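Quick note on labels: first sequence line is chain A, next is B, and so on, each numbered from 1. None of the values given here were measured: they were computed from a predicted structure. Because only heavy atoms are used, hydrogens play no part in the values below, and waters and symmetry mates are left out as well, while side chains stay in.
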Number of protein chains: 2
Amino acid sequence: MKKASLSDIALRLGVSKTLVSFVLNGKAKEYRISEDICQRVMDVAKELNYSPNRIAQGLRTGNTKTIGLIIADIANPFFGKLGREIEQEAARHGYNIIFCSSDENPEKSAQQIAMLQQSQVDGFIISPPINSEEQIRTLAKGPIPFVLIDRFIPEIDCNHIVVDNFDAAYTATKHLLSLGRRQIANITLNLDLANMKDRTDGYKQALRDASIEVDENLVKVLPFSHENKDVALAINELLGNRDDLKADAILFSTSKIGIMAIECISSLGLKIPDDIAVVSFDNTDAYKICVSPVTVIGQPLKEIGKTAMDILLNEIKQPGVKVKTQKVTLKTEFIVRKSCGA
Amino acid sequence: MKKASLSDIALRLGVSKTLVSFVLNGKAKEYRISEDICQRVMDVAKELNYSPNRIAQGLRTGNTKTIGLIIADIANPFFGKLGREIEQEAARHGYNIIFCSSDENPEKSAQQIAMLQQSQVDGFIISPPINSEEQIRTLAKGPIPFVLIDRFIPEIDCNHIVVDNFDAAYTATKHLLSLGRRQIANITLNLDLANMKDRTDGYKQALRDASIEVDENLVKVLPFSHENKDVALAINELLGNRDDLKADAILFSTSKIGIMAIECISSLGLKIPDDIAVVSFDNTDAYKICVSPVTVIGQPLKEIGKTAMDILLNEIKQPGVKVKTQKVTLKTEFIVRKSCGA
DNA sequence: TATTTTTGCTAAATCGATTTAGTAAAAAAT
DNA sequence: ATTTTTTACTAAATCGATTTAGCAAAAATA
């Protein structure tokens with residue numbers, strides 16, 4: 001059962017492939033094809049169950065209607081949800097998404113970018129791993145549109161969509177202060193990334209504004225490729241001695257850290273929020289059924305996904321046109337649950 | 001900066017495109033290209049930073065090195081992890097994955113299948129929504145390899161990879177019985193799907209083998225498109241009256257149900273496992289930091305991902321050859337945590 | 001020396017679709 | 001009656017790569 005091609009329709013009707021193409025692509029009026037022929041083309045196309053070959057279309061037109069999405073790990077619920085929003089928005093416009101998980105590894109993301117370029121993707125949506133400046137800079141010099149999400153690279157002028165991390169962390173920390181917490185810790189990732197730095201800066205500024213001196217020993221910086229043991233180490237440094245808890249609250253800079261940390265806190269026999277209050281960036285189902293439902297800073301994932309697609313589509317539809325880069329900063333949502341001791 | 005094509009290399013060296021293609025595709029020996037020319041081709045290719053256009057390759061060869069993956073929802077951690085394993089295994093073989101979330105909607109999955117066929121995917125990996133028999137049957141008649149995962153359709157002879165759901169549910173229920181639980185409920189999805197039916201059958205058989213009569217009122221069947229309110233209704237029917245709890249344990253047939261149910265149980269002020277023990281299909285990070293870490297039936301996601309790709313690659317490498325369909329049933333892992341009252 | 005085989009390449013076709021460049025015939029304008 | 005414009009299509013080129021079909025010249029064999 002060979003799949004019907006456009007040529008089969010033309011042969012069947014004794015007309016040119018050109019004519020069939022014009023009809024099927026809504027150009028009949030423009031090229032003055034008669035109504036009669038149009039109808040016969042549509043009929044035969046339907047009879048043969050014709051559907052276009054997007055690979056052939058892509059080769060000829062230079063548009064594959066495919067976007068490459070590079071995120072840290074699709075299995076991470078934060079990125080899973082983000083990916084879902086992007087997938088949905090893309091589908092609304094007839095675009096496919098190829099998902100690549102970089103594991104926060106720049107070598108891996110560079111390979112993925114190369115592979116996606118070979119696949120002639122129309123654009124990229126990238127959550128850049130640390131130390132990926134060079135490959136993003138190269139991308140920015142090329143013709144393919146792209147937009148950074150979740151984090152950006154200050155020294156590169158390109159599209160990005162981020163949230164106001166400073167303000168979010170400031171708000172969260174101030175909230176903990178308002179609940180009487182004074183020894184507030186922050187567990188975060190390598191501060192070379194702007195979004196992580198902003199989160200920690202906001203936390204510190206809230207402490208300073210409350211005339212509390214920032215204790216650098218309460219700021220635990222994990223390597224980017226952090227695992228359970230890294231988080232456990234940080235928690236043990238803060239809370240290992242239950243007669244001398246170093247902190248009475250913790251702000252987690254990511255939900256991945258938060259989940260691992262809470263598991264660790266529970267196994268230490270500590271109670272949330274009685275012994276230690278917690279607040280975390282990014283909402284996730286896990287936080288709702290937690291030992292103590294977690295107070296979170298939620299990101300507008302739907303808006304991020306929609307905005308990313310809008311930016312790309314706008315550039316894709318005007319190839320070669322130099323468009324002003326869009327830098328979008330969105331608001332977070334502070335959701336108070338039990339874990340902060342409210 | 002126009003991207004270098006294979007023709008550019010040929011022009012630069014004054015040789016044919018054919019020769020360049022042979023060299024770059026490892027066919028130099030076969031077509032007796034001299035060592036000297038080979039080296040010069042490789043040098044120029046490197047100098048021009050040539051990389052192949054996979055769209056052109058796909059059009060000519062009929063292989064796009066792309067697999068279409070259709071699952072319920074990439075934002076669901078179970079499917080997120082499964083997708084991750086598949087993505088990883090595919091990348092190992094140089095394949096891209098296009099992810100589509102069907103939302104358990106057969107109309108949507110039919111559209112996704114059509115779109116992916118237009119994109120000339122080399123194969124499909126599909127977690128079929130309910131009522132998608134017709135589209136799977138049509139796929140089975142076509143030339144493109146595919147494999148069903150997570151659930152299968154008994155009346156269609158095609159590749160599938162599933163776990164032994166009957167045995168898993170039987171074991172879990174027996175475990176609860178061994179802990180003294182007698183009024184064991186099961187919250188599941190529409191039983192028209194074989195995997196859901198097997199889970200409930202295993203649960204029932206364990207009760208019968210313990211000489212406990214199956215109480216159909218303890219089996220709550222949710223619609224496929226279940227939401228929080230559906231789960232809340234079921235939980236309220238079972239546990240709404242805390243002086244007359246209808247169940248002392250619940251087996252959740254999916255983690256999605258489990259998470260929503262636990263949230264509901266907590267808001268009723270009930271304690272897990274003191275008031276109500278719980279066991280759930282499918283491990284997820286959320287269950288580790290739960291009010292009471294959840295006892296789970298874990299699926300071998302890595303093995304599923306690898307097996308799915310193996311099955312597809314085996315068929316892809318011998319097009320047109322009628323291969324015996326592979327029906328794989330894998331073992332689950334029972335992980336005991338606190339929620340069952342152990 | 002004549003014939004056959006091997007060597008080391010080449011041009012052209014192919015994939016399926018879209019775009020470009022064109023034109024015979026009919027209709028309208030002069 | 002002649003010239004110009006419009007109509008309703010067409011053939012061929014194009015996209016970038018791979019495959020198919022082929023062949024002149026050199027080397028080997030008879």
For B:L59 and for B:S34, find the nucleotide of DNA chain C with the closest heavy atom, then tell me which residue's nucleotide is more 5'.
B:S34
Provide, to the nearest angstrom, the distance between the CG atom belonging to B:L48 and the C1' atom belonging to D:dG16.
15 Å
To the nearest Å, how far apart are B:F22 CZ and C:dA11 C1'?
12 Å
May I have the distance from A:D36 (atom CG) to D:dT7 (atom P), rounded to whole angstrom?
18 Å
Please determine if a side-chain N or O atom of B:K17 lies less than 4.0 Å away from the OP1 or OP2 oxygen of C:dA12.
no
N or O in side chain of A:S7 less than 4.0 angstrom from C:dG16 OP1/OP2:
no
What is the separation between atom NZ on B:K27 and atom P on D:dA17, rounded to the nearest whole Å?
15 Å
In whole angstrom, what separates B:E35's CD from C:dG8's P?
12 Å
When you get a sec, tell me which of D:dA17, C:dT19, C:dT18 is the closest nucleotide to the side chain of B:A56?
D:dA17
If I take atom CD in residue A:Q57 and atom C1' in nucleotide C:dT19, what distance separates them, rounded to the nearest angstrom?
13 Å
D:dT19 phosphate, OP1 or OP2: any side-chain N/O from B:T61 under 4.0 angstrom?
no
Rounded to the nearest angstrom, tell me the gap between atom CG in A:N25 and atom C1' in C:dT19.
11 Å
Side-chain contact check for A:L6: nearest option of C:dA17, D:dC9, D:dT18 is C:dA17
B:R60 CZ to C:dG16 P, straight-line distance once rounded to whole Å:
10 Å
When we call it a touch if two heavy atoms are under 4.0 Å apart, what does B:K29 touch: a base, just sugar-phosphate, or nothing?
nothing
Any A:S16 side-chain N or O less than 4.0 Å from OP1/OP2 of D:dT10
yes
Plane angle bin for A:F99 and B:F99 - parallel if under 30°, tilted between 30 and 60°, otherwise perpendicular
tilted
Side-chain (B:Q326) to main-chain (B:I311) donor-acceptor, under 3.5 angstrom:
no
Using the ring of each side chain (for Trp, its six-membered ring), is A:Y31 parallel, tilted or perpendicular to A:F22, with breaks at 30° and 60°?
parallel
Ignoring hydrogens and angles, does a donor from either the side chain of A:T18 or the base of C:dT18 sit under 3.5 Å from an acceptor on the other?
no
Can you tell me if the side-chain N/O atoms of B:N53 get under 4.0 Å from OP1 or OP2 in D:dC15?
no
Counting N and O atoms only, with roles assigned by atom type, does the side chain of A:Q118 sit under 3.5 Å from a partner on the main chain of B:N53, one being a donor and the other an acceptor?
no
Identify which nucleotide among C:dT10, D:dT18, D:dA8 has an atom closest to any side-chain atom of B:V15, counting heavy atoms from C-beta outward.
C:dT10
When B:I33 and A:L24 are each assigned the nearest nucleotide of DNA chain C, the 5'-most assignment goes to B:I33
NA contact type, B:I55, heavy-atom cut-off 4.0 Å: base, sugar-phosphate, or nothing?
nothing
Under 3.5 Å donor-acceptor, B:K302 side chain and B:I86 backbone:
no
Would you say A:Y31 places a side-chain N or O within less than 4.0 Å of OP1 or OP2 belonging to C:dA21?
no
Would you check, one step at a time, whether the test salt bridge (Lys or Arg N to Asp or Glu O under 4.0 Å) holds for B:E104 with B:R151?
CA-CA 12 Å; B:E104 304 286 4; B:R151 56 198 73 162; 2.8 Å; yes
